[in-house]
Amino acid sequence: MKYQLEVKELLIVENKMILTIMGTIEDSKINSHFVSKPKLTLHFNNGQEDRRIPFVLSNVVHVDGKCYFSGRYTYRLDLLFWKTREDYLPFEMYLNLGFEDYYKERIDVDLTPAETLFDRKCFQYHVKGNHILFMPNKRAIKHNPVAKFFVNLFMNLIKIVSYLIAIAMIPMFFIESLLKSTGIKKMPAKFNDESFFMRLFAYTFWRFSNVSTVKVSLWTVKRFIFKNCYTFFKLFKVKKNKITFISLRRDDLSGNFAFVYEKIKDNPDLDIHFILNDHTITEMSFGEILDFTKSCATSKVVVLDEFTPQIHYIDLRKQTKLIQLWHACGAFKTFGFTRLSKPKGSPQPTRNHRSYDYVTVSSTYCKKCHSEGFGIATDNIVATGIPRTDVFFDDKYKQQAREKFYSEHPNFVGKKIVLFAPTFRGMVKETAFYPTEMFDVAEVCKRVPEDYVIIIKHHPFVNDVQPIPEEYADRVIDLSEDNELNDLLFVTDVIITDYSSLVFEASLLDIPMIFYAFDLEKYINQRDFYFDFKLYVPGKIVYSLDQLIDAINNRDFCTERIAPFADMFFDYRDGKSTERVAKLITDSLDDIPYQAEKKA
């Protein structure tokens, strides 16, 4: 493979950098139906932190033997780093390039731009071969403190005046809503509540918000209370032995938290606290706000297992360590900052994820992916393994899980069990779905041997029920709302999935897999992966129901791909991930830096 890259344009105006890059990759395998796309990453380093940000490619064209690509995107240079954001250190920028199975950091290309323009106000830069050195001007970036004070003062005065005017006009807004309720002048369609009075108040509130520059809502009021409660509790001392576990994924002690708690619960020196619910700030009661903010303000270590927006509304104290036990193994579908410019992707200025002191992952390979996705330094990502995977190395637990399943489903004893476990389509929980018509249960049952039975396990976000024909009710069960997914793996002979991260756990058990990827190109365009899907997935890829059935009947699973996949995404397969994570947490109480354990 050969590649060429050229920086066509580099514009720096105040704290923004506009970058245009064009490139070509030559490879004999490339043709007009080629799916793989280049992945170009900007790699910044200031000596204390590094940061990876994807370069957004807007045009990718495949022709015989060549892939042409280009992109233009705007980046905030003052928002690159998080922990050292107030230090304004000089930093360098390199390029990382990935394509199919090729990946190289700090590639050797000349970054001299063909066209350049910069105002020299906030940043100076110098091109040095394959990297660019940026020199921040701290005074210019922060602005003159006196001028900044008066600008903020007058802006706040304007907000107060507009707010008072809006309050004075509330009676007029209410009269207007009454007049519109006559039907002669209709209210906007969005005010469709069945209650007459609720429509009146909603319309009045909407008109008030249009006049006032101070946006008042239940969310803004509760966020104000939330932030100020945290400020108050910062008057209390941090308890050096206090650990708070916070999860918005579950209301019970399960998943990674359960494994870690089991490991540390008998230590009498620890003060352990849990906040387990899925309430947003708007849904939180005043008591829940007090509990959350006090726990965060007084804990030495706060542990998460999912994106937790409440954490990012506050600035945690320097004494507090924030540890993210990310729930998923490996690095499969892109998330966070990697999805820059894509639907529901995190924009660069957001604070989300960037406060983590440590993020636990399953392998060293994942570090660069999670560093990019979370917008934090690579050193903040630690390959400890995932606690909940320890059961895969516990023979007693596996046997108990099998016995429990077969006692509940005795007609599945002695059968070959196929687990159908696809992920959802759509961007968020509220719009999640799976096109159930793409997996015709009757057709599958009719054309595979009778000793095959099927377990259906849709993603929790999917509400549609998979149709199960009456004649096959003894061969098919839908457990989408029941059972721990990992426990089902211990009775599974074949997995049918698509883009689910279930593949990581399945690779630990060496379970044959079929990837039913009927919408692969669309999924890549909308969501994409951290690695080349066609090249790396640990099983047979099929694109139609006929191909799927043929793969089952011919036992064509490409199982030789499983072992290399597991090697890539798991540094440790010893059942001691919980032990390593527990040590990370307890060491953080004593401010002991993480030391990577040598693999056996």
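Position 1 is the first residue of the sequence; numbering continues from there.
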* Mind telling me whether F257 and F274 have parallel, tilted or perpendicular rings, with 30° and 60° as the class edges? => tilted
* **N277: partners by side chain to side chain contact (heavy atoms under 4.5 Å, CB included), with sequence neighbours left out** => I275, H279, E288
* If you measure from the Lys or Arg side-chain nitrogens to the Asp or Glu carboxylate oxygens, is any gap between K404 and D487 under 4.0 Å? -> no
* Asked: Ion pair present between R447 and D546, side-chain N to carboxylate O less than 4.0 angstrom?
  -> yes
* **side chain to side chain contact (heavy atoms under 4.5 Å, CB included) against D394, all qualifying residues, sequence neighbours excluded** => K396, Y397
* With K368 as the cation and Y365 as the aromatic partner, state whether NZ or CZ is under 6.0 Å from the six-membered ring centre and within 45° of the axis. => yes
* Any salt bridge between K416 and D493, counting N to O under 4.0 Å? -> no
* Quick one: closest heavy-atom pair of D571 and A383, and the distance? => OD2-CB, 3.6 Å
* Asked: F393 ring centre to R573 NZ or CZ under 6.0 Å, with the angle to the axis within 45°?
  -> no
* Structure fact -> With sequence neighbours left out, the residues meeting side chain to side chain contact (heavy atoms under 4.5 Å, CB included) with D440 are A442, E443, L545
* Check the angle between the aromatic planes of F461 and F424 and answer parallel, tilted or perpendicular using the 30° and 60° thresholds. => tilted
For residues 499-519, which side-chain donor-acceptor pairs fall under 3.5 Å, sequence neighbours excluded?
{"from": "Y499", "atom 1": "OH", "to": "D519", "atom 2": "OD1", "distance (Å)": "2.7"}
{"from": "Y499", "atom 1": "OH", "to": "L520", "atom 2": "N", "distance (Å)": "3.2"}
{"from": "S500", "atom 1": "OG", "to": "L502", "atom 2": "N", "distance (Å)": "3.1"}
{"from": "E505", "atom 1": "OE2", "to": "R388", "atom 2": "NH1", "distance (Å)": "2.7"}
{"from": "E505", "atom 1": "OE2", "to": "R388", "atom 2": "NH2", "distance (Å)": "2.8"}
{"from": "S507", "atom 1": "OG", "to": "F504", "atom 2": "O", "distance (Å)": "2.6"}
{"from": "Y516", "atom 1": "OH", "to": "M438", "atom 2": "O", "distance (Å)": "2.6"}
{"from": "D519", "atom 1": "OD1", "to": "R425", "atom 2": "NH2", "distance (Å)": "3.3"}
{"from": "D519", "atom 1": "OD2", "to": "R425", "atom 2": "NE", "distance (Å)": "2.8"}

* Where is the tightest heavy-atom contact between A582 and I264, given as atom of each residue plus distance? -> CB-CG2, 3.8 Å
* Structure fact -> Sorted by chain and residue number, the ring-ring contact (aromatic ring centres under 6.0 Å, His included) partners of Y358 (sequence neighbours excluded) come out as none
* What pairs with V448 under side chain to side chain contact (heavy atoms under 4.5 Å, CB included), at least two apart in sequence or on another chain? -> V444, Y452, R475, I549, I552, N553
* Relative to the ring of F226, is the ring of Y313 parallel (under 30°), tilted (30 to 60°) or perpendicular (over 60°)? -> perpendicular
